[in-house]
Amino acid sequence: REKEKEKERKRERERRKKEKERKGVNMDNDELVSVVKELQTQVRTLSEIQNVKDFMAVWALKLDLIEFLKDESQARLTVNSFMTATGTFDMPFGVWGPDKEAIVKSFLAFAKDPDAEPGKEPSVEALGIGWAVHLYFHQTVRVTPWGDTGLEASFKARELVPLLWNGKAKWLLLDNDSVLRKEKGGDWLMHRYGLKAFNLLSNEDAKWAALQGRAGNNEMFEIEKLEKFASAF
């Protein structure tokens with residue numbers, strides 16, 4: 001009788017095995033738990049990547065507003081509420097920060113007279129940036145652990161900014177290479193707003209000059225970089 005029961009159990013195991021194979025499932029409970037955990041991690045990562053992109057959309061609007069209003073309180077609110085304590089603006093022509101008042105002063109000076117030399121006072125006759133629209137294309141986001149419980153995000157994009165530059169319609173083309181951080185239970189904040197190239201094009205020019213960058217290393221149109229990217233497809 002005991003042998004009959006063992007045979008029955010074996011037949012039941014075989015039946016379940018075949019049923020799993022038919023459904024494409026062939027793993028034990030431990031393997032299933034591992035797969036579920038991996039999927040949960042992927043979902044959380046994808047959610048954080050979207051959160052970073054959402055933050056950058058709001059960040060762009062904040063930059064637009066500061067350059068349009070040239071208002072000190074608006075600039076101070078942005079750098080204090082949307083940046084880490086040691087956050088900086090890493091520009092091709094210099095670093096603003098981490099002192100928040102230094103960032104406010106530099107940003108407003110640029111908004112009032114973008115043609116002024118870095119560190120110089122804006123001209124009282126300058127029209128400044130009348131308006132600007134910051135746009136981020138070809139975005140890539142990579143989220144990794146930071147510290148014991150936090151997260152860090154690398155944000156890379158092609159940045160395009162149509163704007164009114166001292167009374168003239170122009171275009172800014174830049175490489176954005178920024179870093180954001182998030183404490184456990186907190187929100188994403190800008191840690192380093194990085195711009196690698198600064199290409200200024202004018203609508204008035206009959207022929208646009210070659211994009212060599214106003215300052216810094218221009219990585220936007222390096223032939224080797226473009227060829228390497230194109231060869232991947």
Shortest non-hydrogen contact from [X] to [Y]?
X: Ala60; Y: His134; result: CB-O, 3.5 Å
X: Val161; Y: Ala132; result: CG1-CB, 4.0 Å
X: Ala109; Y: Pro122; result: O-CB, 3.9 Å
X: Gly167; Y: Leu127; result: CA-CD1, 3.7 Å
X: Ala75; Y: Leu108; result: CB-CD2, 4.2 Å
X: Ala153; Y: Val141; result: CB-CG1, 4.4 Å

State plainly whether the residues [X] and [Y] are in salt-bridge range, i.e. N to O under 4.0 Å.
X: Asp175; Y: Arg158; answer: yes
X: Arg142; Y: Glu152; answer: no
X: Glu72; Y: Arg76; answer: yes
X: Glu14; Y: Lys7; answer: no

Between [X] and [Y], does the ring centre distance come in under 6.0 Å?
X: Trp59; Y: Tyr193; result: yes
X: Tyr136; Y: Phe155; result: yes
X: Phe89; Y: Trp96; result: yes

Should we count [atom1] of [X] as having more than 12 external heavy atoms under 6.0 Å?
X: Glu183; atom1: CD; answer: no
X: Asp54; atom1: CG; answer: yes
X: Glu12; atom1: CD; answer: yes
X: Gln50; atom1: CD; answer: yes

Would you say [X] and [Y] make side-chain contact, with heavy atoms under 4.5 Å?
X: Met190; Y: Arg181; value: no
X: Ile66; Y: Asp71; value: no
X: Arg11; Y: Glu8; value: yes

Item to check | CA sep, side-chain torsions, deciding dist, call: Lys170, Ser202, side chain to side chain contact (heavy atoms under 4.5 Å, CB included) | outcome: CA-CA 4 Å; Lys170 298 196 177 188; Ser202 174; 4.1 Å; yes
Look at the side-chain heavy atoms of Ile, Leu, Val, Met, Phe, Trp and Tyr, link any pair under 4.5 Å apart, and say whether [X] and [Y] land in one connected group.
X: Val143; Y: Val43; answer: no
X: Trp131; Y: Leu135; answer: yes
X: Val58; Y: Ile49; answer: yes
X: Val133; Y: Leu65; answer: yes
X: Leu195; Y: Val179; answer: no

Checklist entry - Checking side chain to side chain contact (heavy atoms under 4.5 Å, CB included) for the pair Leu189/Met83: CA distance, chi angles, key distance, verdict? => result CA-CA 5 Å; Leu189 297 173; Met83 299 185 71; 5.8 Å; no
Next on the checklist: Could you walk me through whether Phe107 and Leu63 satisfy the side chain to side chain contact (heavy atoms under 4.5 Å, CB included) test, starting with their C-alpha distance in whole Å, then the side-chain angles of each, then the deciding distance to 0.1 Å, before giving a yes or no?
Outcome noted: CA-CA 9 Å; Phe107 202 155; Leu63 301 186; 3.5 Å; yes
Between [atom1] on residue [X] and [atom2] on residue [Y], distance to nearest 0.5 Å:
X: Phe68; Y: Leu164; atom1: CZ; atom2: CG; result: 10.5 Å
X: Lys156; Y: Thr140; atom1: NZ; atom2: OG1; result: 6.5 Å
X: Asn166; Y: Lys168; atom1: CG; atom2: NZ; result: 9.0 Å
X: Thr144; Y: Leu151; atom1: OG1; atom2: CG; result: 8.0 Å
X: Ile129; Y: Glu67; atom1: CD1; atom2: CD; result: 4.0 Å
X: Lys196; Y: Asp177; atom1: NZ; atom2: CG; result: 4.0 Å

Item to check | Parallel, tilted or perpendicular: ring planes of Phe93 versus Phe110, cut at 30 and 60 degrees | outcome: parallel
Is a donor on one side and an acceptor on the other found under 3.5 Å between the side chain of [X] and the backbone of [Y]?
X: Ser178; Y: Gly194; value: yes
X: Ser81; Y: Leu77; value: yes
X: Asn176; Y: Ala157; value: no
X: Arg44; Y: Leu39; value: no

No-hydrogen, no-angle side-chain donor-acceptor test under 3.5 Å, [X] and [Y]:
X: Trp188; Y: Glu48; result: yes
X: Thr88; Y: Asp90; result: no
X: Asp115; Y: Trp165; result: yes

Next on the checklist: Quick one, Leu172 with Asn199, criterion side chain to side chain contact (heavy atoms under 4.5 Å, CB included). Give me CA distance, side-chain angles, the key distance, then yes/no.
Outcome noted: CA-CA 6 Å; Leu172 269 177; Asn199 296 285; over 6 Å; no
